[in-house]
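Structure, as C-alpha cells:
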Amino acid sequence: MSRTKRSRTRGTARKPAPRISSRMVTSPTAPTPTAPERGSPQPAPPRDHDFPHGPPRRPTRMRISGTNPWSVTVMSFFFLTGLGVCVLGAALATSVLLSLVAPGEWPNPWETLIIATGVVSLEIFLGTVLACLCGFMYNYTARFSGGVEVALTADLTDPPPTAQALQLLTRLHARARRRFDARRP
C-alpha cells in the first residue's frame, strides 16, 4: 500500500493520487478495517455539553420576593387584549362559517361581533383588575414567606454517572476541607 504525500509548493497545489489497495477482500459482507492515514483529520466525538470532563453547571437560583403591581397590571392588560383579539377573530370566523352552512339559523356576523366585543371588554377589565389585586396579595404574602425561589437550568435530564461522581467528590472535598480547617489551631 502506498501513501501519497501532499506537497506544499508555492503557487500550485497538486491533487493527491488516488489510493490503490492491493488487499484481497475475502468476504463482501465483512469489509476489512483499514487504519486511517497519518495526518487525516478524524471526526471529534459528539459532546452533550461544553466541558464533558468538568463538573456540570449548577442551576441558577432566583428568589422573587416582590412584584411591581403597576407592571403586573400593564402586562396583564396587554396579554388579555391580545387574547381578546384572538377570541374576536375566532368568534367572527365561526359566525361566518355557520351563516354559510345554515343561513338564517344563527345570528348574523355583525350581531355576533357586537356580543363578542362586549364579552371580551368585560374579560379584559376584570382580568386586569384581578391581576393587579394578585400582585398586591403576592407582595403582602412574600413579606412573611420570603417569596418564591426558582431554579433555572438548561439540562432537565439526570446527569451522567461521571458527573454525579464529580459532584459527590466535590462535596466530600469541601466537607473534608471544613473539618480540617476547624481542627487547625
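Throughout, numbering of the chain's residues begins at 1 and tracks the sequence.
- Once rounded to the nearest 0.5 Å, the distance linking NE2 of His173 with CZ of Arg178 reads 11.0 Å.
- Atom CG in Leu166 sits 11.0 Å away from atom CZ in Arg171 (nearest 0.5 Å).
- The two residues Leu88 and Thr117 have their closest heavy-atom pair at CD2-N, 3.6 Å.
- The backbone N or O of Thr67 lies less than 3.5 Å from a partner atom in the side chain of Asn139, making a donor-acceptor pair.
- Note on Trp70 and Phe79: same hydrophobic cluster, where clusters join Ile, Leu, Val, Met, Phe, Trp and Tyr whose side-chain heavy atoms are under 4.5 Å apart, directly or indirectly.
- Trp106 is not listed as a side-chain neighbour of Thr112, based on a closest heavy-atom distance of 4.5 Å or more.
- Side-chain atoms of Ile64 and Tyr138, non-hydrogen and from C-beta on, do get closer than 4.5 Å to each other.
- Dense packing is recorded around CZ of Arg63, with more than 12 heavy atoms of other residues, nucleotides or ligands lying under 6.0 Å away.
- Under the 4.5 Å side-chain contact rule for hydrophobic residues, Val85 and Ile114 do not share a cluster.
- When side chains are defined from C-beta on, Glu123 counts as touching Leu83, because their heavy atoms get closer than 4.5 Å.
- The closest donor-acceptor contact from the side chain of Ser95 to the backbone of Ala91 lies at 3.5 Å or more, if one exists at all.
- For the atom pair CE (Met75) and CG (Leu80), the distance works out to 10.5 Å, reported to the nearest 0.5 Å.
- Once rounded to the nearest 0.5 Å, the distance linking OG1 of Thr128 with CZ of Phe78 reads 10.0 Å.
- Minimum interatomic distance between Pro103 and Leu100 (heavy atoms only, all atoms of both residues): CD-O, 4.2 Å.
- Between Pro109 and Leu92, the closest side-chain pair of non-hydrogen atoms falls below 4.5 Å.
- Summarising the geometry, atom CE belonging to Met137 is positioned 8.0 Å from atom CG belonging to Leu130; distances are rounded to the nearest 0.5 Å.
- The side-chain heavy atoms of Phe77 and Thr73, taken from C-beta on, include no pair separated by under 4.5 Å.
- Between Cys132 and Phe136 the shortest side-chain heavy-atom distance falls below 4.5 Å.
- Inter-residue side-chain proximity for Val120 and Ile124 is flagged as met; some heavy-atom pair is nearer than 4.5 Å.
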